[in-house]
> 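Sending over a structure as structure tokens; questions will come in a sec.
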Amino acid sequence: MARFTIATWNVNSIRVRLSQVLDWLKTNQPDILALQETKVIDASFPWQDFQKIGYQAYYAGQKTYNGVAFLSKNPLGKITTDLPNLQDLQRRILGATYKDIYILNLYVPNGERVGSEKYFYKLDWLKKIRDYLEQSLYQYPKLIVLGDFNIAPTDDDVYDPTQWCEKILCSTTEREQLKGILDLGFCDSFRLFSQELNSFSWWDYRKNGFVYNRGLRIDLILISKALQSYCNNCKIDKTPRSLDRPSDHAPVVCLFN
DNA sequence: ATGGTAGTAGCACTA
């Protein structure tokens with residue numbers, strides 16, 4: 001397999017974060033960057049800025065909320081924004097092919113609070129994603145599912161598991177839904193490699209969460225079995241989180257070769 | 001502190 005890097009980053013508004021994303025792309029040169037929470041309608045997506053630095057943009061946005069995108073050095077194929085079993089006005093899904101790899105960029109619903117209406121929407125949404133992935137694996141054994149999952153897979157991905165016990169992003173039911181996806185034949189690429197304790201990808205803006213490393217690891221790159229032997233590294237890049245006016249999420253990068 | 005901060009929009013909602 002030719003060397004290939006893919007990354008995911010919830011940017012919390014592409015318009016506010018545009019210069020940071022451009023700088024990060026110039027420095028890191030991933031083949032593909034998947035974005036979440038772009039928060040722009042398609043007509044306002046700043047695709048020209050990315051084209052100038054050698055990236056083609058694919059996007060599915062809406063006003064104010066959600067919005068997903070791919071920035072890619074090479075053209076992507078088979079762009080999908082809705083799944084056969086999941087048609088939603090909320091723009092949270094973007095699928096594309098790159099060579100023989102299928103890539104699914106997800107902005108999983110937050111869920112607000114365990115037991116809330118949004119929580120059940122999240123669980124139902126994840127079940128539909130699972131069913132779609134189960135089918136897709138037949139056609140695309142090489143499958144990458146990445147994005148903001150809004151689930152911390154285990155207590156090792158939580159700065160204070162006691163405080164977060166059975167809270168949104170950490171509840172047993174959410175974790176079981178994620179496990180249901182992993183059990184199809186995916187792994188959490190971050191855990192294929194040794195990592196520092198307390199590695200997180202999201203820190204609350206409030207109460208200096210980043211300064212005290214009070215975070216969660218909710219941004220994931222899941223890879224199917226057919227890709228595992230090619231995966232050489234996965235890491236979280238905390239540097240953009242320390243910039244002025246940052247996103248509350250850090251990029252996660254996965255390398256194949 | 002049923003708080004806190006940020007983005008969008010221009011208020012209240014979402015995260």
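Reckoned from all heavy atoms, side chains included, excluding hydrogens, waters and symmetry mates.
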> Could you tell me how far B:dT14 sits from B:dG4 if I compare only their C1' atoms? Round to whole Å.
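My reading of the C1' atoms in B:dG4 and B:dT14 gives 15 Å.
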> With sequence neighbours left out, which residue pairs that include part of residues 210-243 of chain A fulfil the ring pair (Phe, Tyr, Trp, His ring centres under 6.0 Å) condition?
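Ring pair (Phe, Tyr, Trp, His ring centres under 6.0 Å) check on residues 210-243 of chain A returns A:W203-A:F210.
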> Got a second to check how far A:F4's CZ is from A:C254's SG, nearest 0.5 Å?
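If I round to the nearest 0.5 Å, the distance is 8.5 Å.
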> Only one of A:L126, A:D188, A:L222 passes side-chain contact (heavy atoms from CB on, under 4.5 Å) with A:L178; say which it is.
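Result: among A:L126, A:D188, A:L222, A:L222 is the only option passing the side-chain contact (heavy atoms from CB on, under 4.5 Å) with A:L178.
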> A:Y205 or A:N10: which one's nearest nucleotide on DNA chain B is closer to the 5' end?
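Nearer the 5' end of the strand: A:Y205.
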> Please round to the nearest 0.5 Å and tell me the distance separating atom OG of A:S72 and atom CD1 of A:I103.
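Separation between the atoms: 7.5 Å.
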> Rounded to whole angstrom, note down the P distance from B:dC13 over to B:dG3.
14 Å
> Hey, does A:R241 reach any base, or is it just sugar-phosphate, or nothing, if we go heavy atoms under 4.0 Å?
nothing
> Could you measure between the two C1' atoms, the one in B:dA6 and the one in B:dC11, and give it in whole Å?
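16 Å, rounded to whole Å.
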> Could you give the distance from CG (A:L184) to CG (A:L133), rounded to the nearest 0.5 Å?
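Rounded to the nearest 0.5 Å, the CG-CG separation comes out at 6.5 Å.
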> Tell me which pairs pass ring pair (Phe, Tyr, Trp, His ring centres under 6.0 Å) where either residue lies in residues 51-79 of chain A, with sequence neighbours left out.
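For residues 51-79 of chain A, and leaving out neighbouring residues, the ring pair (Phe, Tyr, Trp, His ring centres under 6.0 Å) pairs sorted by first residue read A:F45-A:Y59.
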> Starting at the 5' end of DNA chain B, which residue's closest nucleotide do you reach first, A:S13 or A:K118?
A:S13
> If you measure from the P atom in B:dA9 to the same atom in B:dT5, how many Å do you get, rounded?
22 Å
> Scan A:Y107 against the nucleic acid and name what it touches under 4.0 Å (heavy atoms): base, sugar-phosphate only, or nothing.
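Counting heavy atoms under 4.0 Å across all strands, the contact made by A:Y107 is with sugar-phosphate only.
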> NA contact type, A:R214, heavy-atom cut-off 4.0 Å: base, sugar-phosphate, or nothing?
nothing
> Using a heavy-atom cut-off of 4.0 Å to chain A, what are the terminal contacting nucleotides of DNA chain B, in 5' to 3' order?
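Extent of the interface on DNA chain B: B:dG4 to B:dA15.
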